[in-house]
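Below is one structure; the comments refer to it alone.
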Amino acid sequence: QVQLVESGGGLVQAGGSLRLSCLASGSSISSYAMGWYRQAPGKQREWVATITSDGTPTYAGNVKGRFTISKDNAKNTVYLQMNSLKPEDTAVYYCLAISHRNYWGQGTQVTVSS
């Protein structure tokens, strides 16, 4: 069983950058595909990015070219580097570990002002 804790959210202006971190405990992230999802108020949770256990990333079309997912197995941490942020990126961002079932973190708030 893995537990996930997100951090790094905050308030930034449009065009700014932010790096989110997801620290895992209880299990090594090397055993999982990892991902980021986000949920804006009143909207469905949407997929943002995933990274396979071997380090291959995949991105949603609306963040491709702006966001980068990466991981550090030694630190048991997954990152989401967010550049050129837009107000529509405002959401709670959730970390996900994928195996025979999905494990979710509690989320971290990202607010992008216009």
Side-chain angles (χ1 to χ4, degrees):
Q1 184 175 339
V2 62
Q3 296 184 68
L4 307 172
V5 179
E6 302 94 335
S7 62
L11 174 63
V12 297
Q13 291 188 323
S17 297
L18 209 57
R19 188 178 75 158
L20 306 183
S21 298
C22 173
L23 177 63
S25 61
S27 188
S28 174
I29 62 170
S30 65
S31 301
Y32 299 86
M34 303 293 295
W36 290 94
Y37 278 67
R38 66 187 184 186
Q39 187 167 26
K43 295 187 176 182
Q44 296 288 109
R45 189 172 297 188
E46 68 171 344
W47 170 66
V48 174
T50 52
I51 186 166
T52 64
S53 60
D54 73 343
T56 302
T58 311
Y59 301 95
N62 55 356
V63 306
K64 193 173 298 181
R66 299 188 297 122
F67 290 11
T68 302
I69 187 171
S70 63
K71 65 174 181 173
D72 186 336
N73 287 339
K75 295 182 178 179
N76 219 29
T77 301
V78 180
Y79 305 96
L80 185 68
Q81 177 67 47
M82 305 184 294
N83 298 326
S84 302
L85 283 162
K86 305 173 181 179
E88 51 262 46
D89 295 318
T90 295
V92 177
Y93 283 71
Y94 297 91
C95 183
L96 170 70
I98 305 163
S99 61
H100 59 284
R101 61 155 288 182
N102 294 339
Y103 299 89
W104 295 92
Q106 293 299 304
T108 185
Q109 175 71 232
V110 172
T111 303
V112 184
S113 64
S114 59

Partners passing side-chain hydrogen bond (donor to acceptor under 3.5 Å, both in side chains) against [X] (at least two apart in sequence or in another chain):
X      : result
Thr56  : Asp54
Gln106 : none
Thr111 : Gln109
Glu46  : Arg38

Verify same cluster id: Val2, Trp36 (apolar side-chain graph, 4.5 Å):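 Yes, one cluster joins them.
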Cluster overlap Tyr79 with Leu4, hydrophobic side-chain contacts below 4.5 Å: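 Per the 4.5 Å side-chain linkage, Tyr79 and Leu4 are not co-clustered.
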Please find the pair of heavy atoms, one from [X] and one from [Y], that lie closest to each other, and give the distance.
X      : Y     : result
Ile69  : Pro57 : CG2-CB, 3.6 Å
Gly107 : Val92 : CA-CG1, 3.8 Å
Ser53  : Ser30 : CB-O, 3.5 Å
Ala24  : Ile29 : CB-CG2, 3.5 Å

Sequence neighbours excluded, every pair satisfying ring pair (Phe, Tyr, Trp, His ring centres under 6.0 Å) that has a member inside residues 83-114: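 Every pair satisfying ring pair (Phe, Tyr, Trp, His ring centres under 6.0 Å) with a residue in residues 83-114: Tyr37-Trp104.
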Partners meeting side-chain contact (heavy atoms from CB on, under 4.5 Å) with Val12 (sequence neighbours left out):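 For Val12 the side-chain contact (heavy atoms from CB on, under 4.5 Å) partners, ignoring immediate neighbours, are Leu18, Leu85, Val112.
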Residues which pass side-chain contact (heavy atoms from CB on, under 4.5 Å) with Ser31, listed by chain and number, not counting sequence neighbours: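 Here no residue qualifies.
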Transitive ILVMFWY cluster of Leu11, excluding itself - 4.5 Å side-chain cut-off: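 Via sub-4.5 Å side-chain contacts, Leu11 links to none.
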Minimum side-chain heavy-atom gap Ser28-Asn76 below 4.5 Å: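 The answer is yes, as the side chains (C-beta and beyond) meet within the 4.5 Å cut-off.
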Validation row: Thr90, Val110 side chains within 4.5 angstrom (heavy atoms):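 A side-chain contact is absent here, since even the closest heavy-atom pair is not under 4.5 Å.
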Between CG on residue Leu80 and OG1 on residue Thr108, distance to nearest 0.5 Å: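 Answer for the CG-OG1 pair, Leu80 versus Thr108, is 11.0 Å.
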Straight-line distance of Glu6 CD to Leu96 CG, nearest 0.5 Å: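 Answer rounded to 0.5 Å: 10.0 Å.
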Met34 backbone acceptor or donor facing Lys71 side chain under 3.5 Å: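 Absent.
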Test item: Asp72 side-chain N/O and Thr77 main-chain N/O as donor-acceptor pair under 3.5 Å: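 Such a contact is absent between Asp72 side chain and Thr77 backbone.
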Residue pairs involving residues 53-84 (criterion disulfide bond (SG atoms under 2.5 Å apart); sequence neighbours excluded):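 Disulfide bond (SG atoms under 2.5 Å apart) check on residues 53-84 returns no pairs.
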Disulfide bond (SG atoms under 2.5 Å apart) pairs, two or more places apart, involving residues 8-78: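 Sorted pair list: Cys22-Cys95.
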Qualifying side chain to side chain donor-acceptor pair (under 3.5 Å) pairs with a residue from residues 57-69, counting only residues at least two apart or across chains: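 Counting only pairs at least two positions apart or across chains, the side chain to side chain donor-acceptor pair (under 3.5 Å) contacts touching residues 57-69 are Arg66-Asp89.
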Side chain to side chain donor-acceptor pair (under 3.5 Å) contacts touching residues 7-25 (sequence neighbours left out):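 Every pair satisfying side chain to side chain donor-acceptor pair (under 3.5 Å) with a residue in residues 7-25: Ser17-Asn83.
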